[in-house]
Amino acid sequence: MNAGARPPEPVRTTCPYCGVGCGLRVEVVEAAAGASVTGDPTHPANFGRICSKGATLGETISLDGRLLHPLVRSAGGAMVRTTWDTALDTVAQGFSRIIERDGPDAVAFYLSGQLLTEDYYVANKLMKGFIGSANVDTNSRLCMASSVAGHRRAFGSDTVPGSYSDLETADLTVLVGSNTAWCHPVLFQRMARNRQERGANIVVIDPRRTATCEEADLVLQIAPGTDTILFSGLLVYLTEQLALDYSFIDAHTAGFETALVRAREIAPTLAATAQRCGVPERDVARFFDLFATTENVITCYSQGVNQSAQGTDKVNAIINCHLATGRIGRPGMGPLSLTGQPNAMGGREVGGLANQLAAHMGFSPAEIERVGRFWNAPRMARREGLKAVQMFEAIERGEIKALWVMATNPAMSLPRAGAVREALGKLELLVISDNVEANDTVGSGAHVLLPAAAWGEKHGTVTNSERRISRQRAFLPLPGEAKPDWWIVSQVARRMGYGDAFAYRSAADVFREHAALSAFENGGMRDFDLGALSGISDKDYDALGPVQWPLPADAPLAQAGDTRLFGDGRFFTSDRKARFVAPEPPALKEASSGEFPLRLNTGRVRDQWHSMTRSGRSPRLATHIAEPFVEVHSDDARAAGLVDGGFARVATAHGACVLKVTVSDGQRPGSLFVPIHWSDATASSARIGELVAPHTDPHSGQPEAKATPATIASARLPLRGFARSRRPLALPSGTWWARIATSEGHELRLASDRDLMFWHDFAQATLGRDAEVVEVVDAHSYRAAFFVDGEFDGCLSIGTGEAALRWDTLKAVIAAGPPSSGAPVRIQVAPEPADTGAVVCACFGVGEDAVRDAVCAGRASNVAEIGRLLGAGSNCGSCLPELKRLIARARAKAAA
Ligand code: SF4
């Protein structure tokens, strides 16, 4: 930067991770490797707050592993660089040839909630209006499809009625199947503040005791799959307590009596509800009483509700209770689905799901005709397409012959991921647009790889869980030959002969058309209406601040406050009345058995995101949970002979993984929890999708990802350790490993059943080639640091127990540098100094032991004092629930 030149203005954009949709300010300092990312104080989703994932985004923008040029598969099978023209022609000609030969349903698109709305819009339009199939689905099917289906059954539209600000005026927040503290951290901070400042109650309903429970007044640790029983019981209780709003029910709803009859069959009494849900009756009574006597109730739900073969019924059982009490559409109340992905909502708006057409319209003849006229489309899809799981089954059967995957990794994330990977290999044409040059899907037999622009490199919009549309803005140049997805799809469409309909020059062009379609012949009959934005200028699009829909043509663009729907009691059904839905009697799709007696629950951890392609680049995020694990109750651990910190093989009928064991009584006996994040690129044996059964909800098509029958057995891997290297390092086959981010080079955590001599020989043969070495040995471990040309080049630490994972000794050896004699040096060491334990605060790298020590020594007794003393918890706040739990335990220990 020239002396005296003004630093560049921070770019206002949004976070690419979760559905909270936090506003960010990003500053890229020239010549710096990263970017400074802070919360945007003016954004209504977060008002300046961000979580640990958002705060470390600046560490994730390097180009390591990026796909930078188009690649096509050569006749010899290798992926070779080509021009955009050749790649686009290959895609267009391949799709056209297969459509001509086998019909439009022989091709499919599989999209992602990570795409921007503009990308989604163009892909959906091409498939449903011009190819003539509705085989376009998205990984959001795995995330919140049950909420979509539940909304449409109850409201006649996929509408989230409320706003985030309701979390600050609610007097009771009910969290169902949601580890909000870890998965929507900034919203959780808003809930926790409401509890602390206004005395609001928080009730958590979840089979697993999570970090979210640290702020709860009541936890109902229900048996898996019993949510519908609990909310049916609540409806019965509200009826008996005369806590219903009959004037609302009579004026604005239909179907109450039928729903109540079904609720009485499912959960006739409070005692029966408690017994069937597997929780104490007094706790159920307290929850029911709180709900009955609190007017401002907000019920937030997430994947624990959605990812179920009866997820839609669960959603409707929750909505039934809000309709029955008239608690919807007013401040501080209502059902609020928390979406997982940053733009799952934008995908829903566009219609990027196989059972939606476009702009919240479906497949009725009138809607097909209307959208066809708007698009001037020659070949409209006339019926729903295949939803994600069914789409990949059709690929497996050979019915779908060409697939275009954009910004997602189905060979890792779908149920039965192993079978999905094999199915992909059968495709005549597999096209992948992505940021990464390698992942499980790319490795399944891609024919064309198209380099797509990533977060920070492209312009567009996303919509968060409260219907708020925000801009994502580029702050980095497009690297290599990367292009935005909307451009890539438009270019293919032009080559397929649809140039007039895909003549977009910018993301703003696409957005204007998307907004215009939402308003086309709407007349207030459809909830989704962006008419006010349909003529937005390029300049106003560039400057667009966060806005909530609906925004009909006469709405002001600069919104004050929040918008809510249904405050007037008018819904989007044919008679404008909401519908109560009678749920089916709940039952998990697949019974457990002698072979698979446990239930496998899958989910997220605090500091990673999806398949770690971005979050896995951050060294700070890697310090929270570095290795894939299985959480197991102590009873089940005992029965299987497992120890905390050991290893276990978790198996289902579909596959098996080997994972580190975490014994936790936060699990219900009989349940296992495993994180979804690790793939073949990041761990040796942790592709959890491979274990998940493909059972789906009949209404939403969402898979039951949280209750696959499973078994667990001890895996003997007595040696633990890690290897670091400046160069990529291949470990011997049979080694258990997990890759973790470091500020430079490569680090692999490892475990092995081979002996120390084997690892000594391995280190010498790989890291030790042409290197000077310092070896550090004791009775139970082997450590070695290698130097090339006087510089640290790599190291290995391996031994029995967790001590070999400590970095301290090698750090000192590396700091001392290579041996001055040039001869190998072997030193005997004193016992390892204590480290600070597992990192709890990623922002300041504060370990659990440091917190415990401070509390036990009387130097701190609460989170504020810990924050002042160690810094922990004083930045993004993501670790506050864990800090509270640690402090409480340390205080109890100190008092004992
Ligand atoms: Fe990003 Fe965290 Fe905000 Fe989610 S809560 S949008 S991950 S900063």
Side-chain angles (χ1 to χ4, degrees), residues 10-26 35-61 113-114 116 140 143-144 164 167 175 178-193 210-212 215 300 302-303 336-346 454-456 461-473 475 546 603-618 620-621 624-625 675-677 841-843 873 875-882:
V11 173
R12 285 194 150 85
T13 186
T14 46
C15 177
Y17 291 126
C18 85
V20 177
C22 293
L24 306 177
R25 287 158 52 99
V26 182
S36 155
V37 179
T38 54
D40 180 351
T42 67
H43 197 290
N46 56 315
F47 296 107
R49 299 178 203 107
I50 46 176
C51 75
S52 47
K53 292 189 284 290
T56 48
L57 273 166
E59 298 175 12
T60 68
I61 59 177
Q114 310 286 129
L116 303 185
S140 296
C143 174
M144 46 81 246
Y164 291 166
L167 299 169
L175 295 169
S178 171
N179 185 4
T180 324
W182 279 19
C183 301
H184 300 90
V186 166
L187 285 191
F188 188 67
Q189 288 173 37
R190 292 177 76 162
M191 296 171 191
R193 192 166 298 113
T210 64
T212 302
E215 282 289 344
C300 303
S302 194
Q303 311 328 15
L336 177 61
S337 143
L338 301 178
T339 48
Q341 299 197 79
N343 200 29
M345 291 285 275
W455 175 79
T461 53
V462 292
T463 308
N464 71 4
S465 299
E466 59 165 353
R467 291 174 283 106
R468 198 176 297 278
I469 297 171
S470 299
R471 281 292 320 270
Q472 273 201 11
R473 295 184 173 89
F475 54 87
R604 294 173 172 155
V605 300
R606 191 190 79 189
D607 285 356
Q608 293 298 345
W609 179 256
H610 282 200
S611 57
M612 298 168 67
T613 47
R614 180 173 294 284
S615 60
R617 292 165 178 265
S618 163
R620 274 192 288 165
L621 292 183
H624 181 232
I625 294 175
I676 59 172
H677 307 292
C841 169
C843 294
N875 187 35
C876 75
S878 299
C879 63
L880 285 173
E882 287 155 279

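Read the numbers this way: they start at 1 and go in the same order the structure lists the ligands and their atoms.
A search for salt bridge (Lys or Arg N to Asp or Glu O under 4.0 Å) contacts involving Asp607 returns nothing, not counting sequence neighbours. Applying the ring-ring contact (aromatic ring centres under 6.0 Å, His included) test to Phe475 and every residue at least two apart in sequence or in another chain returns Trp455.
Within the structure, side-chain hydrogen bond (donor to acceptor under 3.5 Å, both in side chains) contacts touching residues 181-193 (residues at least two apart or in different chains) are Glu168-Arg190, Trp182-Glu882.
Close contacts between ligand 1 and Gly21 involve ligand atoms 6 (S) [criterion: under 4.0 Å to a heavy atom].
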Step by step, work out the salt bridge (charged side-chain N to carboxylate O under 4.0 Å, His left out) result for Glu59 and Arg617.
-> CA-CA 7 Å; Glu59 298 175 12; Arg617 292 165 178 265; over 6 Å; no
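Side chains of Thr461 and Arg471: no donor on one and acceptor on the other come within 3.5 Å.
Look at Arg12 and Asp40 and you find a salt bridge, because one of the NZ, NE, NH1 or NH2 atoms lies within 4.0 Å of a carboxylate O, short of that distance.
Of all protein N, O or S atoms, those under 2.8 Å from atom 2 (Fe) of ligand 1 number 1.
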